[in-house]
Amino acid sequence: MNMISHVLAANALITAFAAVGILMWISGAISKYLTFGRIHASAIAIMLGLALAFFGGLATGGEKGVADFPALAGIGLMGGAMLRDFAIVATAFEVDVVHARKAGAIGAIALGLGTVVPFILGVFVAAAFGYTDAVSMTTIGAGAVTYIVGPVTGAAIGASSPVIALSIATGVFKAVIVMIGTPFVAKMIGLNNPRSAMVFGGLMGTVSGVSGGLAATDRRLVPYGALTATFHTGLGCLVAPSILYFAVRAIVGE
Amino acid sequence: MTISGVALLAICTLLGGLLGDLLGVALGVKANVGGVGIAMMFLIAARLWLMRHGQLSHGLKTGVEFWGSFYIPIVVAMAAQQNVVAAVKGGPVVVIAGIGAVMVCFAMVALIGRLSGRVETMDEIEAREAEALAGPVPHFKSGRIG
């Protein structure tokens, strides 16, 4: 037993790869067999991650979730700011500028609204629950944009871990509602043509939420929604820790 | 070479971080202002430049795309190391902000759809395309067979 934990701790980052990989397999199985593909495996994996962090925190009494277990310290490195920013920047490589033109002005409007509107809403909810400092309000508002924009913003402007956890959870919860709710409201919001799918992608953001939701509604709409949704995270990471943060700061002060 | 892709990504990330920090100093805040977003723009620009000059090799692509495909696992690891115990105390924020954001955005999709006029639905597009394929047979109703 001692030997096992020694090997795990000595290869911290490798252990983290294995642990997260196993978690992703489990999530894939849950997504496939328990939700019949309705909820994307990635959303389940992130929820499981948050749940494990909760129990890890209870067990160790620490502040860093499962990373406080010596054997799982590598999770801290793998999910730390350095590798996270590195991987998120890499996703921009799939953005095709030629495709972006296809979405046109209406896609751009949807993207802008899809970033600003959830942000404002998140900021107000945060304020209603007593988060009155600009950093926490901005981070929770950014979480209402997507679960990536939240922690990226929080790390950039120096938010506390509980607030970052809240922003991730808000973003994941939003993605899950989009996945489950879209088929039910599709008719009401006119989601039956490529253009509305592009508007939908730009407004909702989260690629996993959008592609999951559209796939359950009408498979043919997925590429149109994903087209605009791919820009959502990049735009959010650009404006949330800058323009939007300054706007909040200007209104509520430090 | 794979390393050239990883290096390109690293250089873009570092430049973005640096500019974000500089912006923070210039604006007088203790924050990285939009560094990740700036880095993404560098990477998009670099890809365009490489494509125009025919330098976008397979190895380079592999180097960047590997890290891009790694982002969900990294986000999972990030989620697993947050102080969730403390966050749970603020519980309702998650539910209210999440539901609120989705509801408002659904409404906006409907609104933009109504304001911008009617367009062909997916069924109509496919019906039209099927009709075009069916050729010049007059009064032949094709499409929506299945």
Side-chain angles (χ1 to χ4, degrees), chain A residues 20 42 45-46 49-50 52-54 57 63-67 75-76 78-79 83-93 95 113 117-118 121-122 125 129 144 152 156-157 161-162 164-166 168-170 173-174 177 185 189-190 192-193 195-196 199-200 203-204 220 234 237-238 241-242, chain B residues 9 12-13 16-17 20 23 30-40 43-44 47-48 64-65 67-68 70-88 90 92-102 104-106 108-110 112-113 116 119-122:
Chain A
V20 172
S42 60
I46 298 168
L50 285 170
L52 287 176
F54 178 74
E63 292 181 348
K64 278 166 49 198
V66 297
I75 298 269
M78 183 179 170
L83 288 182
R84 187 202 56 213
D85 289 355
F86 196 55
I88 291 168
V89 172
T91 60
F93 207 61
V95 170
L113 286 174
V117 172
L121 195 123
V125 174
F129 281 88
V152 166
I157 61 179
S161 181
I164 292 180
L166 270 183
I168 299 173
T170 304
F173 190 63
K174 179 185 171 192
I177 307 177
V185 295
I189 61 175
N192 57 9
N193 62 74
R195 198 185 62 193
S196 70
V199 170
F200 177 80
L203 269 164
M204 294 302 173
R220 297 167 298 182
C237 290
L238 192 64
S242 55
Chain B
L9 176 59
C12 288
T13 309
L23 253 159
K30 268 200 331 214
N32 184 298
V33 180
V36 172
I38 297 170
M40 287 170 126
L43 192 66
I44 293 171
R47 179 173 180 271
L48 264 182
V64 184
E65 280 165 6
W67 283 101
F70 220 63
Y71 114 100
I72 288 292
I74 283 179
V75 170
V76 172
M78 174 184 76
Q81 55 154 321
Q82 299 300 326
N83 192 352
V84 181
V85 176
V88 165
V93 171
V94 170
V95 177
I96 294 171
I99 291 180
V102 174
V104 173
C105 288
F106 276 154
M108 305 276 291
V109 173
I112 292 178
S116 54
V119 284
E120 271 185 318
T121 66
M122 212 66 212

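Residue numbers start from 1 in every chain, and the chains themselves are labelled A, B, ... in the order their sequence lines are given, proteins ahead of strands.
Your options are B/Gly68, B/Pro73, B/Ala80, and the one with the most heavy-atom pairs under 4.5 Å with chain A is B/Ala80. In terms of non-hydrogen atom pairs under 4.5 Å with chain B, the most contact-rich of A/Cys237, A/Ala169, A/Ala156 is A/Ala156. When each of B/Met78, B/Met108, B/Gln81 is scored by its heavy-atom pairs under 4.5 Å with chain A, the top score falls to B/Gln81. Comparing B/Gly100, B/Ala110, B/Gly16, B/Ala39 by how many heavy-atom pairs each has under 4.5 Å with chain A, the most go to B/Ala110. Ranked by non-hydrogen atom pairs under 4.5 Å with chain B, the options A/Ser196, A/Gly65, A/Gly57 are led by A/Gly65. Chosen from A/Ala67, A/Ser242, A/Gly190, the residue pairing most often with chain B at heavy-atom distances under 4.5 Å is A/Ser242. Of the listed residues A/Thr91, A/Val199, A/Val152, the one with more heavy-atom pairs under 4.5 angstrom with chain B than any other is A/Thr91.
In this structure, B/Trp67 and A/Ala87 approach most closely via the heavy-atom pair O-CB, 3.5 Å. The heavy-atom pair separating B/Met40 from A/Gly234 by the smallest distance is SD-CA, 3.5 Å.
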* **Steps toward side-chain contact (heavy atoms from CB on, under 4.5 Å) verdict (A/Phe173, B/Val102)** => CA-CA 10 Å; A/Phe173 190 63; B/Val102 174; over 6 Å; no
* **Verdict with supporting geometry, B/Val109 and A/Val185, side-chain contact (heavy atoms from CB on, under 4.5 Å)** => CA-CA 11 Å; B/Val109 173; A/Val185 295; over 6 Å; no
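Taken from CZ in A/Arg84 to CE in A/Met78, the straight-line distance is 13.0 Å, to the nearest 0.5 Å. B/Ile96 contributes atom CD1, which lies 3.5 Å from atom CZ of A/Phe129 (distance to the nearest 0.5 angstrom). Atoms CG and CD1, on A/Leu83 and A/Ile88 in that order, are 11.0 Å from each other to the nearest 0.5 Å. Taking OG1 from B/Thr13 and CG from B/Leu43, the interatomic distance works out to 7.5 Å, rounded to the nearest 0.5 Å.
If you measure heavy-atom distances from A/Val66 to chain B, the contacts under 4.5 Å come from both the backbone and the side chain. Only the side chain of B/Val104 comes within contact range of chain A, judged by heavy atoms closer than 4.5 Å. Contact of A/Val20 with chain B is made through the side chain alone, with heavy-atom distances under 4.5 Å. Of the atoms belonging to B/Leu23, not a single heavy atom falls under 4.5 Å from chain A. Heavy atoms of A/Ile168 lying under 4.5 Å from chain B belong exclusively to its side chain. With a 4.5 angstrom heavy-atom cutoff, A/Leu121 touches chain B only via side-chain atoms.
Between B/Phe106 and A/Phe200, the two ring planes are parallel [angle under 30°; tilted spans 30° to 60°].
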